[in-house]
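See below for the structure under consideration.
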Amino acid sequence: MTNPPMIFVTFQLFFFFQLLSTIANTSYTPVEHFAVDCGNSGNVPSSDQRKWKGDDGSAPFSLIDPDKATQSIKPQVRPNPPNPYDTVRLSRSEFTYSFPVTDGQKFIRLYFYPYSYNPNFLRSDAFFSVKAGPHTLLKDFNASLNADAGVSRSFPAPEGAIIREYCINVNPGERLNITFTPNSSHQNAYAFVNGIEVVSMPNFLYYTKPDDLQSMRLNDATQQQYTVKNNSALEAVYRTNVGGGQISPDRDTGMFRYWDQDNDYLESGERSLSISAGFGLNLIYRDDQNYFAPDNVYKTARNYGMNEKSKFNVTWEFEVDSVFYYMVRLHFCEFDEHIEKAGDRVFQIFINDVLVESLADVMLWTQNQILVPVHRDYAVWRPISGSSKKLNLSIKLQPHPTARSSYRDVLLNGIEILKISDSNDNLAGPNPDPPQSTPLPTTPSSESSKNRNKAKVISIIVGATSGFFVLSLIVLLIYRRFIRAPVKEGGSWWGQKSADSSKKNKSHGSSLPSDLCRYFSIDEIRAATSNFDDIFIVGVGGFGNVYKGYIDNGTVPVAIKRLKQGSQQGLHEFQTEIEMLSQLRHNHLVSLIGYCNDGNEMILVYEFMARGTLRDHLYDSDSPPLSWKKRLGMCLGAARGLHYLHTGAKHNIIHRDVKSTNILIDEKWVAKVSDFGLSKVGPTGMSKSHISTVVKGSIGYLDPEYYKRQRLTEKSDVYSFGVVLLEVLCGRPPLKRNVEKQKSSLVEWVRKCHREGVIHETVDPLLIESITPECLKAFSDMALKCLVEDGNERPPMNDVVWGLEFALQLQEGKEEEEGLDVAEIEGRSEERALIRKVTRVGESREGFTSSDESKASRLTTSSSEDQSLSSGVIFSELGHPTVR
Ligand SMILES: *[C@@H]1O[C@H](CO)[C@@H](O)[C@H](O)[C@H]1NC(C)=O
Ligand SMILES: *[C@@H]1O[C@H](CO)[C@@H](O)[C@H](O)[C@H]1NC(C)=O
Ligand SMILES: *[C@@H]1O[C@H](CO)[C@@H](O)[C@H](O)[C@H]1NC(C)=O
Ligand SMILES: *[C@@H]1O[C@H](CO)[C@@H](O)[C@H](O)[C@H]1NC(C)=O
Ligand SMILES: *[C@@H]1O[C@H](CO)[C@@H](O)[C@H](O)[C@H]1NC(C)=O
Ligand SMILES: *[C@@H]1O[C@H](CO)[C@@H](O)[C@H](O)[C@H]1NC(C)=O
Ligand SMILES: *[C@@H]1O[C@H](CO)[C@@H](O)[C@H](O)[C@H]1NC(C)=O
């Protein structure tokens, strides 16, 4: 059993997730849905749920072609994109598609792929207008010019293709006629279309209900009511799932709308946080109106997150045609369980810098209920200055400046922007300027805007019912299986369907390796901890308590991690740890001894790390500070553990949460890396050098490259480890409040001092006498190399190991050369600290174990090469009772 089973199981679950999402409940079933593959014939195979049909006459709609001039062309050399783009209907005369539809509101989607379909119809000659009933959708539309300019990015058209989406209202008894008219004043001009979709939609999805008194307001000084009347037409220009991924038409609520992700529209330099609700949480829809947006829109959002103290607007910008009115629909859904009532999260919304919502309070809108989706509509009109064809429509959110809200934060889940037809019933904007001309600053090609807003995006997942971090479909699925199918030794760990062949099971290793990992009954665990007696608690973690217990008739001390009852949080970590740790054996990794999941209990049993976390020995604790050599030794140990993780196991493993509290120390002062809850199996193929993933980790240790690009590599661990090295050197946390601004970030501060050649100013005052300048230089150089912006330039862990060994040699060499009695110096500094401390707290010797005592007695025969024998050892042991 060498493969960590987690990888495969994860893949299987992802696959399951895909299935689930494609069979997702479509909450609206269109009365009619035409998908016309123009120029094709019969039924056309499709990769999604839309049933494309050719327009050869057998279809239930008619093609009206008064001059009998249209041609259908299936180019022999097919253009790249598949249907509906690979065949075309075109003509130099007007032609009409006439659809028999019920009355009511419809989406019309037009698909164009400008192309020289044959020598008579050149790409650049496509120049035409399109009307649907009385509404002008496109006017004197130069298709090639629009395609070359990139046009709207909001729909997933293949390179070079164009998709436009409109909404119109069909009156009772009318047919829906869509007419294509070439511009007759241009010689050779022709009209063409590759695909047409007509999908009915729920009434008043976007149009204003006649009796709606709450209709949207205009974003100007008048704030007057504005209605979208049923005789106007709309064009959907942007539709984004804020804080989440793209949602394909198949996964919409039944209308085959596309939802883009919002990253490209965030103002550059944006540092908002994308968050998502735990999977399995059910949204509560008001009045059964569950078709406005898919669940996935409401289950992801963007807010300030960890930047809560900063003051800025979260800003999105969308380039739109000038002159028109726009309807902006903002979708909200509060899913953070910490938000309990109206007033907890109050913010302001600006559209085009006009305050449109002075007291946005989602909980107020939902009568204090979380998980209730709501949306708000705003009408936007901004008179343009000059003759710009385009302008930016901006949406800005900032916490309410004065409200006493407990969470000074904002929230937004989705954005839709629809253009409203003007008084001539026209929706068509001007053609873009030709791209080859030098772009004017006011009208950049969309191509450049495509690349412009690569925002810094940090994502975390918020579980509405279980606090922060790491809840997902996978967790839920595992959780269910886990709870319902308790793991037995050698049994099927994941409760997989028996349909899975046993061969597959074997090769994918989906049962736990019982030879490596011991199974404990709950009774054994109870016996080990006196039925979870509080006095055995040695730590309280995010997902539950850690107890010290004794197994094997009370002879072997162990650490027992008990997952909180009924808590989904941490479950994924729990699973991952078992899978990972049971495969990994290394002197510098905390060993997993076994696990227990009797009934609802989820428990992990580890080797006991008598001296707690590395951080406990650095600052903010009662432990005496450590000598420099001991600190170096522990950094070296942890570095070896990480190096093993990255390269030593069969699969490269990225820890993802390296920090000083995840490095534990045993009674022999051996540092071991622990807490694999967030670990990821690293990329294996050569082609893929990173894993793209939701960003997880701890504030202060996060690799900036990782949260900017959401690319996870081993170098993210190297960065975090660099932060730990600085903590060790400087004896302070990575982030510190209430200090001068330039010192608040440890990394920034050390970088600055290093630049200015005053690195010694950052060193822990307790070390300054013992650390040699050569060692300080080697150590700090290595730490800062780990922290360079560009992950590729950071050293791999084995270089770090080597660098730390070198630093240790420098320290020892210098000591020998100068005949320094370092132990004495270190003893002095530690004594000082001890005295300071002893005067505060009375110490007990309770925690002394027999091995501690033997070490203490060995001290009397002090041997200088044993670094653990500095006088600090005794003091530390005095000051660090094993059970706290
Ligand atoms: C799908 O949505 C409809 C309408 O809201 C609801 O009645 C039905 O129970 C849902 N089905 C499932 C399987 O969720
Ligand atoms: C359409 O734009 C192309 C440039 O992409 C240009 O060559 C062509 O002349 C334009 N056609 C018309 C009819 O203006
Ligand atoms: C659509 O076209 C058909 C055929 O030309 C015509 O009879 C009908 O009146 C048109 N309908 C509308 C609403 O324009
Ligand atoms: C053809 O397009 C031009 C703009 O390029 C426009 O001025 C003209 O009115 C159009 N002609 C027709 C017949 O639509
Ligand atoms: C369109 O709006 C008008 C006025 O609000 C209303 O009288 C009419 O019934 C609406 N038509 C449809 C088809 O909804
Ligand atoms: C957010 O944007 C609005 C509108 O432009 C502005 O009035 C406000 O000062 C901005 N807030 C911050 C914190 O920049
Ligand atoms: C819209 O904003 C982007 C980025 O801020 C800018 O590059 C572009 O020029 C703006 N477009 C217009 C029409 O102002």
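In each ligand, atom 1 is the first atom listed, and ligand 1 is the first ligand listed.
If you check which protein heavy atom lies closest to atom 1 (C) of ligand 4, you get Asn183 ND2, 1.4 Å. Scanning the protein heavy atoms around atom 5 (O) of ligand 6, the nearest turns out to be Asp353 OD1, 2.7 Å. Closest protein heavy atom to atom 3 (C) of ligand 3: Asn177 ND2, 3.6 Å. Here the protein heavy atom with the shortest distance to atom 9 (O) of ligand 4 is Asp140 OD2, 4.6 Å. Considering only non-hydrogen protein atoms, atom 4 (C) of ligand 3 sits nearest to Ile64 CD1, 3.5 Å. Residue, atom and distance of the protein heavy atom nearest to atom 10 (C) of ligand 6 are Asn313 ND2, 2.4 Å.
For ligand 4, the atoms sitting less than 4.0 Å from at least one non-hydrogen atom of Ser185 are 1 (C), 8 (C), 10 (C), 11 (N), 12 (C), numbered in the order shown with element in parentheses. With ligand atoms numbered from 1 in the order given, ligand 3 contributes 13 (C) to contacts under 4.0 Å with heavy atoms of Arg175. Heavy-atom contacts of Gln398 reach the following atoms of ligand 6: 1 (C), 8 (C), 10 (C), 11 (N), 12 (C), 13 (C) (cutoff under 4.0 Å).
Protein non-hydrogen atoms do not reach within 4.0 Å of atom 7 (O) of ligand 4.
Residue contacts with ligand 3 for Thr96 are absent, since no atom lies close enough (heavy atoms, distance under 4.0 Å).
Between the Asn118 side chain and the Asn120 main chain, a donor and an acceptor come within less than 3.5 Å of each other.
Classification of the Tyr190-Phe121 ring pair by plane angle, with boundaries at 30° and 60°, yields perpendicular. Between Tyr265 and Tyr238, the ring planes lie perpendicular to each other; the angle is over 60°, past the 30° to 60° tilted range. Aromatic ring orientation, Tyr325 versus Tyr226: parallel (interplanar angle below 30°, classes split at 30° and 60°). Using cut-offs of 30° and 60° for the angle between ring planes, the Phe141 and Phe128 rings count as perpendicular.
Remark: Arg109 is positioned above the aromatic ring of Phe107, its terminal NZ or CZ atom under 6.0 angstrom from the ring centre and at most 45 degrees off the axis.
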Report task. Would you check, one step at a time, whether the test side-chain hydrogen bond (donor to acceptor under 3.5 Å, both in side chains) holds for Thr96 with Asn177? Result -> CA-CA 6 Å; Thr96 299; Asn177 292 353; over 6 Å; no
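Among the atoms of Ser184, none of the N or O lies under 3.5 angstrom from an N or O of ligand 4.
Note on Lys106 versus Glu32: salt bridge recorded, some NZ/NE/NH1/NH2 to OD/OE distance being below 4.0 Å.
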